[in-house]
Amino acid sequence: MNNQIMNNQGLQNKQQMLKDIGIVSFAVVDLALYLDTHPTDRAAMEYFNHYNRIKTQMEREFSRNYFPLTMNHAESNREWRWGAAPLPWEGVCD
Amino acid sequence: MQDYKFDEFPDKFPVAMAYVPWQRFNGIYDDLEKAYRIGTIFPELNKPFTGRRCTS
Amino acid sequence: MWNYEKRLQFPVNIKKPDAKLAQAIISQYGGPDGKMGASMRYLSQRYATPYKEVAGLLTDIGTEELAHLEMVAAIIYQLTRNLSMDEIEKSGFDKYYIDHTLGIWPQAAGGVPFNANQFQSKGDIITDLTEDMAAEQKARTTYDNILRLVQDCPDVSEPIKFLRAREIVHFQRFGEALRITQDKLDAKNFYAFNPGFDTNGKGAQK
């Protein structure tokens, strides 16, 4: 699953990439809550490290190509990119 | 009458307290997109609402 | 402090507005078992929590609840987008519209405004975690009730199913936090003192 996400990244359109970021970020959140109550579980930690790394890479890639997902990726030159990014609650028209 | 197991772990679980069993790590869904739709990556925590009594 | 991610935790893309449904689902925004109360409950309780693992869990679940608050708001926003005056009157949304137009405001399905009495921060970790477990179950029941209303509307039921599943995961984690708390106390009498107040056993004395 994750290899597939990584390999296809360059080809994927904006919506697919945003969805993949949602999927990987969700795994990170669910693993984090598990680790909060199981702080010495090495197997869960390995999963967390793996998906957390992928999440960071994908966010960087997405922010470079489309719009900054976090302030960390909002460096701007001519226009303030953070402010120009779409509002999440508007949803997508298809 | 239902047969309740009154003698279950009396020493480990003193009365007048609530206990949820510890979850052990049994891996996560291979298909993370499916896990996302379900709302958890842990198969053992997937307990969907069916609105019906027969759910096999 | 917090950082914002400019995306929803789970996508919300509702094509057809439905003001009647919006009035039911708004309870998960500002109702008695809604996300406003959930996020404030966990983020308020964590200060008096004596154990840092438990305070960490309250922070992380409280943070996820803020993301859910945003998802529920997005559902209501999209269900009430581009409503005609005719739809507003026929759906019974006119009463809400008079006070808020289409602004998102925390209230229960019955119109009762959000109130901090809908959650507790008791300063006693056993009490607070027991409340948190009940809160997750109450929210889960509310989602069950919503799901019966939205069976034919996958645009709404998919994000609602996601939110419902999170209640069960959070219940499990709060249960484990209670087990962590029990391990730090004397099993002969869990209630002998409040570990968040009676430090060194002196708290109860003058």
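So you know, we letter chains A, B, ... as the sequences are listed, proteins then strands, and number each from 1.
The residues C/Glu5 and A/Lys55 are annotated as salt-bridged, a charged nitrogen and a carboxylate oxygen being separated by less than 4.0 angstrom.
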Throw together a table of side-chain donor-acceptor distances under 3.5 angstrom for residues 97-109 of chain C, partners on residues two or more places apart or in other chains.
none

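With a 4.5 angstrom heavy-atom cutoff, C/Tyr4 touches chain A via backbone and side-chain atoms both. At a 4.5 Å heavy-atom cutoff, C/Asn3 makes no contact with chain A through either its backbone or its side chain. With a threshold of 4.5 angstrom between heavy atoms, A/Phe67 approaches chain C through side-chain atoms but not through N, CA, C or O. Using a 4.5 Å cut-off between heavy atoms, C/Ile61 contacts chain A through both its backbone and its side chain.
Within residues 168-183 of chain C, the residues approaching chain A closer than 4.5 Å by heavy atoms are, in numerical order, C/Val169, C/His170, C/Arg173, C/Glu176, C/Ala177, C/Ile180. Listed in order of number, the residues of residues 72-81 of chain A that approach chain C to under 4.5 Å between heavy atoms amount to none.
Within the 4.5 Å cutoff, no side-chain heavy atoms of A/Thr37 are placed close to those of C/Glu53. Side-chain atoms of A/Pro86 and C/Lys6, non-hydrogen and from C-beta on, never get closer than 4.5 Å to each other. Annotation: side chain of A/Glu90 is not in contact with side chain of C/Gln78 (no heavy-atom distance under 4.5 Å).
Per-residue heavy-atom pair counts under 4.5 Å with chain C were compared for A/Leu69, A/Val29, A/Thr70, and the maximum is reached by A/Leu69.
In the displayed structure, C/Arg148 atom CZ is contacted under 6.0 Å by more than 12 heavy atoms of other residues, nucleotides or ligands.
Between the CG atom in A/Leu33 and the OG1 atom in C/Thr63 there is a gap of 9.5 Å [rounded to 0.5 Å].
Under the side-chain contact (heavy atoms from CB on, under 4.5 Å) criterion, C/Phe162 pairs with A/Phe26, B/Tyr36, C/Gln9, C/Phe10, C/His68, C/Met71, C/Arg166, sequence neighbours left out.
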